[in-house]
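Step one of this worksheet: look at the structure below.
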2 protein chains.
Amino acid sequence: MTTALHETASSRLRGAGQRYTARRQQLVELFAGSDRPLAIPEILAAGTGLKQSSVYRNLADLEQAGVVRRVMTDEEFGRYELAEDLGGHHHHLICSRCGRVRDVEVPGDLEATLDRALDRLARKAGFASVSHRLDLIGLCQDCAARERGAHVTKRRLRSAE
Amino acid sequence: MTTALHETASSRLRGAGQRYTARRQQLVELFAGSDRPLAIPEILAAGTGLKQSSVYRNLADLEQAGVVRRVMTDEEFGRYELAEDLGGHHHHLICSRCGRVRDVEVPGDLEATLDRALDRLARKAGFASVSHRLDLIGLCQDCAARERGAHVTKRRLRSAE
DNA sequence: CTTCCTGCAAAAGTTTTGCATTAAC
DNA sequence: GTTAATGCAAAACTTTTGCAGGAAG
């Protein structure tokens, strides 16, 4: 089922002069089974036994090889997911309060319209080889209620969960 | 010219129980005069005399009051810009290699189409009060040439500039 | 046996915070 | 005078790196 995925990952890593070790296979499996990009703490907690520095280094290597990519959220740490051609083109629903992220797909015709328009724009500005990143920002159901409080930092919010 | 902006900023801060000090006015002016979101190092280097911790604290307060907002790039530090209703709705051209950012506006009809479609999507997923974030990712002219190199971290890239 | 990967510990970079001082109201 | 804002120094947190040991080819 994920055989093709592993073969692709393997060949991309070898192409970059690197090995597709058991650790890295674990990481790829983890991403393949997730419905959202994963943060490093989540990966560490997932019971792979991987150590922090190895996770960072492996993710950097996998990113270089084009197997995963780093995604941006409003959090102050990074999240990773499968590269677009492996995990499919999709976007993210991001809760602006608690940082929760979920994958979401938008209709194909909207994507097409968007692509055409943005390509034109980028070219006019001298940008090459353009892709886009489209996120939906809002409040998830949990947070919509308790929206309140002053001088609350994001870190405090996270640890309060 | 920026009088209205200052008045709005002032009233929003007071509404949050805070003062619109000279330092904060400087910050708002800085953002108003920029064609891209500013990073903390840039703000510190702009000659305002503000200290690092004050910049962070002021930006947090201004963000809470709805005067500025933090924007995400591929860099590992944050950038800030005026809130959408003060600085205008726009998007960002981001160079995936050097991290350079520039503001860009997309045609109004595309925005409208987008808004309608995304609102529907978000509602279906149980998200409330949604906005969107659309970035164009690519290579700026400077970087399009020298695209190369393995195991190069982003931090190294930045300091190499 | 050579090269890459891993873990540990330590460092670097960004952001937050405690406390005393200064400025705003 | 009371409350908020500032600067300084130190801490917290995320990410990167040096080095020694271990696994993969």
Side-chain angles (χ1 to χ4, degrees), chain A residues 9-11 13-28 38-45 48-65 67 70-80 99 150-160, chain B residues 9-11 13-28 38-45 48-65 67-68 70-80 99 150-161:
Chain A
S10 176
S11 108
L13 277 170
R14 311 228 166 234
Q18 280 164 357
R19 298 166 187 164
Y20 194 44
T21 61
R23 303 303 212 180
R24 294 177 181 179
Q25 291 177 39
Q26 279 179 43
L27 283 174
V28 168
L38 296 172
I40 275 79
E42 292 174 334
I43 295 172
L44 290 173
T48 61
L50 260 171
K51 294 311 170 193
Q52 175 178 271
S53 60
S54 295
V55 173
Y56 277 107
R57 267 194 275 237
N58 279 324
L59 289 177
D61 290 341
L62 288 167
E63 187 177 24
Q64 283 257 328
V67 177
R70 188 179 186 175
V71 307
M72 306 308 304
T73 70
D74 287 320
E75 302 155 313
E76 61 290 339
F77 48 80
R79 287 179 178 274
Y80 287 83
H151 269 270
V152 182
T153 68
K154 281 169 194 160
R155 280 193 184 152
R156 269 185 184 154
L157 267 177
R158 262 213 330 292
S159 53
Chain B
S10 176
S11 109
L13 277 170
R14 311 229 166 235
Q18 283 163 354
R19 297 164 187 167
Y20 194 45
T21 61
R23 302 304 212 180
R24 292 176 180 182
Q25 291 176 40
Q26 281 178 40
L27 282 175
V28 169
L38 296 172
I40 275 80
E42 292 174 334
I43 296 172
L44 289 173
T48 61
L50 260 171
K51 294 312 170 193
Q52 176 179 270
S53 61
S54 296
V55 172
Y56 277 106
R57 267 196 274 238
N58 279 323
L59 289 177
D61 290 340
L62 288 167
E63 188 177 26
Q64 282 257 329
V67 178
V68 305
R70 187 178 187 177
V71 306
M72 305 310 302
T73 69
D74 288 318
E75 301 156 313
E76 62 289 341
F77 48 80
R79 288 180 176 274
Y80 286 84
H151 268 270
V152 182
T153 69
K154 281 168 194 161
R155 284 200 178 147
R156 270 187 182 154
L157 269 176
R158 265 215 328 295
S159 54
E161 278 163 32

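Numbered from 1 within each chain, the chains take letters A, B, ... in sequence-line order. Keep in mind the model is a prediction, meaning the values are calculated, not measured.
Rounding to the nearest 0.5 Å gives a distance of 12.5 Å between CD of B:Gln26 and CZ of B:Arg24. Distance check, rounded to the nearest 0.5 Å: CE of B:Met72 to CD of A:Glu76 gives 8.5 Å. Residue A:Leu44 holds its CG atom at 11.0 Å from CG of A:Leu38, rounded to the nearest 0.5 Å. Note that the CG atom of B:Leu13 and the OH atom of B:Tyr20 stand 7.5 Å from one another [nearest 0.5 Å]. For the atom pair OG of B:Ser54 and CD1 of B:Ile43, the computed distance is 12.0 Å after rounding to the nearest 0.5 Å.
Regarding B:Asp61, its CG atom lies at a distance of 18 Å from the P atom of D:dT3, rounded to whole Å. Look at CD on B:Gln52: it is 8 Å from C1' on C:dT15, rounded to the nearest Å. Rounding to whole angstrom units, CG of residue B:Leu38 and P of C:dT14 are separated by 16 Å. Here the P atom of nucleotide C:dC5 and the CD atom of A:Gln25 are 13 Å apart, to the nearest Å. Rounded to an integer number of Å, the gap from CZ of A:Phe77 to C1' of D:dT14 is 10 Å. In this structure, A:Met72 atom CE and C:dT14 atom P are separated by 14 Å, rounded to whole Å. Atom P of nucleotide D:dA9 and atom OH of B:Tyr56 are separated by 18 Å, given to the nearest angstrom. When the P atom of C:dT6 is taken as reference, atom CD1 of A:Ile43 falls 14 Å away, rounded to whole Å.
Heavy-atom nearest nucleotides on DNA chain C were determined for B:Ile40 and for A:Lys51, and the one closer to the 5' end corresponds to A:Lys51.
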Can you tabulate the close N/O pairs, meaning under 3.5 Å, that link protein atoms to atoms of nucleotides 22-25 of chain C?
from, atom 1, to, atom 2, distance (Å)
C:dC25, OP1, B:Arg14, NH2, 3.0

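With the end axes of the helix from C:dC1-D:dG25 to C:dC25-D:dG1 each set by five pairs, the angle from one to the other reads 30° at 10° resolution.
Nearest nucleotide to the side chain of B:Ser53, out of D:dC8, C:dT6, D:dT6: D:dC8. Closest to the side chain of A:Arg24, from the set D:dG7, C:dC5, C:dG7, is C:dC5. Candidate nucleotides C:dT15, C:dC5, C:dG7 were compared by shortest atom distance to the side chain of A:Gln18, and C:dC5 ranks first. For B:Arg57, whose side chain is taken as the heavy atoms from C-beta onward, the closest listed nucleotide among D:dA5, C:dC19, C:dT14 is C:dC19.
Judged as a side-chain contact (heavy atoms from CB on, under 4.5 Å), and not counting sequence neighbours, the contacts of B:Arg79 are B:Arg36, B:Pro37, B:Ala39, B:Glu42, B:Val71, B:Thr73, B:Glu75, B:Phe77, B:Val101.
Contact between the side-chain N/O atoms of A:Asn58 and the OP1/OP2 oxygens of C:dT6 is found at a separation under 4.0 Å.
Between B:Arg23 and the options B:Thr48, B:Val28, B:Leu50, a side chain to side chain contact (heavy atoms under 4.5 Å, CB included) holds for only B:Leu50.
Side chains of A:Leu59 and A:Tyr80 form a contact here, defined as non-hydrogen atoms less than 4.5 Å apart.
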